[in-house]
Asker: 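I have a structure I would like to understand better, so I am pasting it below and will then ask my questions one at a time.
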There are 2 protein chains.
Amino acid sequence: MVTLEDVAKQAGVSLATASRVLNGSTRQVGATLRARVERAADELGYRANIAAQTLARGAGNVIGIVVHDLTDPYFAALADGAMRTAAGEGLLVMVGTTHRDPEQEIAYVATLRAQRVRAVLLAGSRLADERVTARLAAELAAYQAGGGRVACVGQDLLGVDTVAPANHDGAAALARSLAELGHTRFAVLAGPPHLMTAADRCAGFVSAVRDLGLPAPHVINGPFDRDGGYSAAGETGDATCVFAVNDVMAVGALAAYRERGVRVPDDVSVAGFDDIVTLRDQVPSLTTVRLPLKDMGARALELALRAADTRVVEHVAGEVVLRESVRALR
Amino acid sequence: MVTLEDVAKQAGVSLATASRVLNGSTRQVGATLRARVERAADELGYRANIAAQTLARGAGNVIGIVVHDLTDPYFAALADGAMRTAAGEGLLVMVGTTHRDPEQEIAYVATLRAQRVRAVLLAGSRLADERVTARLAAELAAYQAGGGRVACVGQDLLGVDTVAPANHDGAAALARSLAELGHTRFAVLAGPPHLMTAADRCAGFVSAVRDLGLPAPHVINGPFDRDGGYSAAGETGDATCVFAVNDVMAVGALAAYRERGVRVPDDVSVAGFDDIVTLRDQVPSLTTVRLPLKDMGARALELALRAADTRVVEHVAGEVVLRESVRALR
DNA sequence: GGCACACTGGAAATCGCTTTCCCAGGAGGT
DNA sequence: ACCTCCTGGGAAAGCGATTTCCAGTGTGCC
């Protein structure tokens, strides 16, 4: 690999001058030498060693994003939003997937810390396990103590800048909309109870139903993915309206009903949460709560990159979108 | 930030010993000192500076993946497959998205080269533009000359290890299956002509139809995404069977037909390509050509990580999957 | 004409870690 | 008892950049 020294030698200048020409500096370099250096670099195909730059400068141009699962469109959208702003800032992105294993999340943050990345973005739900959360928070604190910046999309549990989607209130608003259509017997495909996002959405829905004086929904726990929705849909009993705590689960539920000959929305109404773009062409089209995922990802990164004065927690509202998968009962 | 020197001082040992204990080495360290060092590192919360390690070792533990668009499930699946094997090897992943801009692709490879990443994975279709391809190939060659490893998923055009999906043959097989069902008048939602993946699939389909002695399909070019499929579906004329060169476009076409009251498959049959998991619950379920995307991503990374002796081009067959979106005409 | 000052260019220290090389001491062979 | 071989420890030389300091050269101004 050709180094800066090679370039300097070939151009007949000092290392310092070559560095100033090629890798940016406050100092000026004369036109003659500048040209010589540039030509040499070009001829040799020089490319700065970023590891060395990072070491010398004491700060790199990489940020880290930690998601649960890239193939889940929710995280893909979040990551995409963040990556766009990152690209705009000239930053490189390291993406880590944890596959919902909190230990992996901690390990990944540790690695990012070792990489001296400029900022870390944690996307994805916290778990109800306080011990794990505390360990993650400790790792993050150590990172921040060294000048690192952190932001998170999800529950405000880590003591860092946070973009907090209105899981609870969005689900509550959805519940009220559905009740207004005449539904009274609800079931919730609630996902795993220890996953905060799932739990918040479920709780928001349940409490809104209760506040309306309606019978408590039938809550069915299970995995947070398509198959979780599919199997939980088998236990919704006599509910006229089923709320799946995310769109992917709702799609699983639709598939289950279709197979069993249960018509949606004639026999049962189904609603999801997130408004995943890839799923908008689903039939029947899915009633859901829209979250501006890309913006949230982008915003979280902005928070992380901002000069750190005070902590910011930004709440993002969800918008209830009524589509064909629910029908009015009256 | 606490450095190795801090740890060594606190433990009362030399830098060398501390390094050997904490960051792995062939050399042994006595139990007493080893314990002292470990305790000191723990107390101080030491975390190795990877930039420095990379510089000193001359090789990092990062790989780069370049995709067009993470929110496209095709690339998400590919990236996920690669990331799983990367995690298994203890490698970190830098993901870059180009949003189909070949200049960005080149720029990103250049940056990865500067990062001295161990390997680069190029996922995503080449463009027909030879000049751009040549520049990318040149950048890759420079990277490889410096010891970098490269693999690519897609067309074998870069002179690097390649996992090549059977775009042409898969589409041809699909055409034969559809013809066997009695279809004779075809249309192809062909995507952009300069995108090799799209072009190959289109060509494979068209040539198979021709070989069967059937009238040439009506080829409609357009964008490679959902909206491209949606609008191209408006021009399929009297075709009884429409092949969209990817599943996402096929879903767009389904939406367009639905809006216009054209029934699928009764009035027109629709087929896609890729067998995207997220789209499997589509109604009607999509006839398509299945590609093992995760495996392909994983395999490509394996190729890249393998000791470089000879170049490997691995062809991956596609499997025709007939589902509800096509019907037999007889 | 002389003096301070801005500007350019280069030598060398530095960033944090790995690794080679050297040294001392104990084990093993004869 | 002597010599060799291995082993664990430390000093110091890199890795490839950045950046501080220093020196030399024109400029502007009195």
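The sequence lines fix the lettering, A, B, ..., with proteins before strands; numbering per chain opens at 1.
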Asker: Counting only heavy atoms not in B/R39, do more than 12 sit closer than 6.0 Å to its CZ atom?
Answerer: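 For B/R39, atom CZ is not crowded (no more than 12 foreign heavy atoms under 6.0 Å).
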Asker: Can you tell which of D/dA17, D/dG10, C/dA11 lies closest to the side chain of A/A16?
Answerer: C/dA11
Asker: Is it true that A/Q155 and A/T197 share a donor-acceptor pair across their side chains at a distance under 3.5 Å?
Answerer: yes
Asker: Starting at atom CZ of A/R47, determine the distance to atom P of D/dG16, rounded to an integer number of angstrom.
Answerer: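 Spelled out: CZ on A/R47 to P on D/dG16 is 17 Å.
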Asker: B/L55 has a side chain; which of D/dG9, D/dG16, C/dG10 sits nearest to it?
Answerer: D/dG16
Asker: Using atom NZ of B/K9 as one end and atom C1' of C/dG16 as the other, report the distance to the nearest whole Å.
Answerer: 13 Å
Asker: Can you pull the ring-ring contact (aromatic ring centres under 6.0 Å, His included) pairs that have at least one residue in residues 72-120 of chain A, sequence neighbours excluded?
Answerer: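 Sorted pair list: A/H68-A/F75.
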Asker: Please figure out whether B/G12 or A/A18 has its closest DNA chain D nucleotide nearer the 5' end.
Answerer: B/G12
Asker: What is the separation between atom OH on A/Y46 and atom P on D/dT18, rounded to the nearest whole Å?
Answerer: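 A/Y46 atom OH is separated from D/dT18 atom P by 6 Å.
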Asker: NA contact type, A/L33, heavy-atom cut-off 4.0 Å: base, sugar-phosphate, or nothing?
Answerer: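 Sugar-phosphate, backbone atoms only, no base.
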Asker: Give A/A48 one of three labels, base, sugar-phosphate or nothing, depending on what nucleic acid heavy atoms sit under 4.0 Å from its own.
Answerer: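 If one applies the 4.0 Å heavy-atom cut-off, A/A48 turns out to touch the sugar-phosphate alone, with no base involved.
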Asker: Quick one: bend of the helix from C/dG1-D/dC30 to C/dT30-D/dA1 from 5 pairs per end, to 10°?
Answerer: 30°
Asker: Return whichever of B/A31 or B/A52 has its heavy-atom-nearest nucleotide of DNA chain D closer to the 5' end.
Answerer: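 The residue whose closest nucleotide sits nearer the 5' end is B/A31.
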Asker: So A/G30, base contact, sugar-phosphate only, or nothing? Heavy-atom distance under 4.0 Å.
Answerer: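 Counting heavy atoms under 4.0 Å across all strands, the contact made by A/G30 is with sugar-phosphate only.
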Asker: Any side-chain heavy atom of B/F224 sitting closer than 4.5 Å to one from B/R100?
Answerer: yes
Asker: Could you tell me how far apart B/I50 (CD1) and C/dT18 (C1') are, to the nearest whole angstrom?
Answerer: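 Interatomic distance, CD1 of B/I50 to C1' of C/dT18: 14 Å.
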Asker: Tell me: CG of A/N49 to P of C/dG16, nearest whole Å?
Answerer: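 After rounding, the reported distance stands at 17 Å.
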Asker: Measuring only between side-chain heavy atoms, which start at C-beta, is A/C152 closer than 4.5 Å to A/D161?
Answerer: no
Asker: Considering only side-chain heavy atoms of A/N23, which listed nucleotide, D/dG9, C/dG10, D/dT18, is closest?
Answerer: D/dT18
Asker: Consider the side chain of B/Q28, meaning its heavy atoms from C-beta on, and name the nucleotide among D/dG8, C/dT18, D/dT18 that approaches it most closely.
Answerer: D/dG8
Asker: Is a donor-acceptor pair below 3.5 Å formed from side chain B/R116 to base D/dG16, judging by atom type as modelled?
Answerer: no
Asker: Report the C-alpha distance between A/R113 and A/T111 in whole Å, list the side-chain angles of each, state the deciding distance to 0.1 Å, and finish with yes or no for side-chain contact (heavy atoms from CB on, under 4.5 Å).
Answerer: CA-CA 5 Å; A/R113 173 149 86 96; A/T111 313; over 6 Å; no
Asker: Side chain of B/V13 only, please: which of C/dC17, D/dG10, D/dT18 is the nearest?
Answerer: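 The answer is D/dG10.
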Asker: Is there a donor on the side chain of A/R27 or the base of C/dG9 sitting less than 3.5 Å from an acceptor on the other?
Answerer: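 Result: at least one qualifying N/O pair found.
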Asker: Quiz question: going by heavy-atom distance under 3.5 Å, is there a donor-acceptor pair between the base of D/dG14 and the side chain of B/R57?
Answerer: no
Asker: Give the minimum heavy-atom separation between B/M196 and B/L157, together with the two atoms involved.
Answerer: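 Heavy atoms only, the tightest pair is CE-CD2, 3.5 Å.
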Asker: A/S14 side chain N/O closer than 4.0 Å to the phosphate oxygens (OP1, OP2) of C/dG9?
Answerer: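 Negative; the distance criterion is not met.
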Asker: Within this structure, what is the CG-to-P distance between A/D6 and D/dG16, rounded to whole angstrom?
Answerer: 9 Å
Asker: Would you confirm whether B/T162, through its side chain, and B/V160, through its main-chain N or O, come within 3.5 Å as a donor-acceptor pair?
Answerer: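 It does hold such a pair.
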Asker: Rounded off to whole Å, could you give me the CZ-to-P distance for the A/R20 and D/dA17 pair?
Answerer: 15 Å
Asker: Once you round it to whole Å, what is the distance between P of C/dG16 and CG of B/L15?
Answerer: 11 Å
Asker: With side-chain contact (heavy atoms from CB on, under 4.5 Å) as the test, would you mind laying out the steps for A/T97 and A/D69 before giving the verdict?
Answerer: CA-CA 6 Å; A/T97 56; A/D69 178 4; 5.7 Å; no
Asker: From C-beta outward on B/T3, which listed nucleotide comes closest to its side chain: D/dG16, C/dG16, D/dG9?
Answerer: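 Minimum distance to the B/T3 side chain belongs to C/dG16.
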Asker: Determine the contact category for B/T17: base if any of its heavy atoms lies under 4.0 Å from a base atom, sugar-phosphate if only primed atoms, P, OP1 or OP2 are that close, otherwise nothing.
Answerer: sugar-phosphate
